[in-house]
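Just so you know, ligand 1 is whichever comes first in the structure, and atom 1 is the first atom listed for that ligand.
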Amino acid sequence: MTSRWTTAVLDTDQPGGWAVARSPEGFLFDDNGALFPREWLKRQDLSILAEHGIGHLDGEPVYLLELRSVSEVPGCGWKGLRAFMLEGDHTLYKVLGYAAQIGTWAREHRFCGNCGQPMTQVPGERAMYCQPCDLRSYPRISPSMIVLITRGDEVLLARSPRFVTGVYSTLAGFAEPGESAEECLIREVREEVQIEVKNIQYIGSQCWPFPHSMMLGFHAEYAGGEIVCQEDEIEDAQWFNVHDLPPLPASRSIARYLIDVYVARRLGHAEPVLPG
Ligand SMILES: NC(=O)C1=CN([C@@H]2O[C@H](COP(=O)(O)OP(=O)(O)OC[C@H]3O[C@@H](n4cnc5c(N)ncnc54)[C@H](O)[C@@H]3O)[C@@H](O)[C@H]2O)C=CC1
Ligand SMILES: [Mg+2]
Ligand SMILES: [Zn+2]
């Protein structure tokens with residue numbers, strides 16, 4: 001199966017194609033979705049900070065208009081990326097997830113971090129450039145480990161105070177300079193629940209554009225310790241039997257996938273497929 005959506009660096013001097021508009025309040029949408037004819041969109045009263053050609057959808061070029069602020073467009077509203085993830089169209093979510101990461105990066109790299117001068121877009125490359133410093137800045141990706149800790153028929157799940165009421169999930173945390181993926185995982189698990197783990201197994205990865213995480217997903221076995229929750233970060237953590245699980249995270253998340261895979265293996269069911 002060929003993908004409907006592929007990323008590309010497109011020349012913004014070319015006319016035509018589709019465009020999405022992103023403001024601090026999310027993406028512009030109407031009854032037809034979040035893709036608008038680009039020439040029409042550029043005639044609206046929008047405060048455009050930057051324009052980027054981001055890829056092809058069903059062979060048609062797609063552009064991002066990154067806006068300074070939100071504005072009124074008749075018949076349209078604004079909606080955050082998370083809502084698009086939770087709703088139907090996965091391909092649209094992929095387009096908007098990529099657009100959000102490019103928009104965030106472009107917004108945060110208008111000036112050189114070395115000398116403070118304005119940077120320019122490099123033609124044909126996804127990079128911002130400072131000529132005096134000969135410095136290129138590329139979109140930022142933050143590696144984050146996410147792990148399901150298992151103990152036979154039991155899995156360790158935790159709640160952050162930020163979660164929807166009742167939902168328990170896997171542990172996660174950002175990699176820090178100087179550590180491998182495995183070292184990060186061991187540190188995060190120690191910090192968040194004071195548990196030791198062994199037999200770390202890589203399961204899969206997921207782009208998580210909130211705002212620029214790259215989730216690396218693992219299973220790990222319990223090796224020792226009693227659960228002690230990290231203050232402020234972890235509200236509660238418990239061992240749950242695979243036959244008696246609490247409300248779980250959204251089905252498109254790798255957190256949910258790590259849990260579903262383990263449960264399927266334990267119960268001898270068919271394994272789920274990781275959403276891209
Ligand atoms: N797709 C999924 O299924 C899931 C994704 N996640 C994502 O994983 C990421 C990490 O999870 P958390 O538990 O929030 O991380 P965490 O356990 O490392 O704690 C968050 C703290 O890390 C620091 N931080 C923020 N951004 C950082 C960065 N880029 N590099 C280093 N440190 C940073 C801040 O002090 C922040 O309060 C988040 O982006 C979160 O949204 C988390 C759970 C499920
Ligand atoms: Mg965490
Ligand atoms: Zn510079």
For S169, is at least one N or O under 3.5 Å away from an N or O on ligand 1?
->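 Such a contact does not occur with ligand 1.
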
Distance-only N or O hit between ligand 1 and A255, under 3.5 Å =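 Yes, since at least one N or O of A255 sits under 3.5 Å from an N or O of ligand 1.
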
Atom 41 (O) of ligand 1: the protein heavy-atom neighbour that sits closest, reported with distance to 0.1 Å |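 In this structure, atom 41 (O) of ligand 1 has W208 NE1, 3.2 Å as its nearest protein heavy atom.
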
Measure the distance from atom 37 (O) of ligand 1 to every protein heavy atom, then report the residue, atom name and distance (to 0.1 Å) of the closest one.
-> E233 OE2, 4.3 Å

So between E188, E191, M215, M214, whose heavy atom ends up nearest atom 6 (N) of ligand 1?
->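 Checking each option, the heavy atom nearest atom 6 (N) of ligand 1 is found in M215.
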
Which one of Y257, F174, F163 has a non-hydrogen atom at the shortest distance from atom 28 (C) of ligand 1?
->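 The residue whose heavy atom sits nearest atom 28 (C) of ligand 1 is F174.
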
Tell me, please: is R162 in heavy-atom contact with ligand 1, that is, under 4.0 Å?
->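 In this structure, R162 qualifies as a contact of ligand 1 - some heavy atom is under 4.0 Å.
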
Under 2.8 Å from the Zn ion (ligand 3), the protein N, O or S atoms, given as residue and atom |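 For the Zn ion (ligand 3), the protein N, O and S atoms that sit under 2.8 Å away are C112 SG, C115 SG, C130 SG, C133 SG.
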
Tell me, please, whether Y138 has R126 positioned over its six-membered ring: NZ or CZ under 6.0 Å from the ring centre and within 45 degrees of its axis?
->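 No - R126 does not lie over the ring of Y138 by the 6.0 Å and 45° rule.
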
Tell me, with the steps shown, if F218 and Y202 meet ring pair (Phe, Tyr, Trp, His ring centres under 6.0 Å).
-> CA-CA 4 Å; F218 299 83; Y202 175 70; 5.5 Å; yes

Kindly work out whether a path of hydrophobic side-chain contacts (I/L/V/M/F/W/Y, heavy atoms less than 4.5 Å apart) joins V147 to V197.
-> yes

Residues which pass side chain to side chain donor-acceptor pair (under 3.5 Å) with Y222, listed by chain and number, not counting sequence neighbours = none

Which other residues belong to the hydrophobic cluster containing W40, where Ile, Leu, Val, Met, Phe, Trp and Tyr are joined when side-chain heavy atoms lie under 4.5 Å apart, directly or via other members?
-> L28, F36, L41, L46, I48, L65, L67, V70, V73, W78

Result, protein N, O or S atoms below 2.8 Å from the Mg ion (ligand 2), excl. waters, equals 2

Could you tell me whether K42 and E51 make a salt bridge, using a distance below 4.0 angstrom between a side-chain N and a carboxylate O?
-> yes

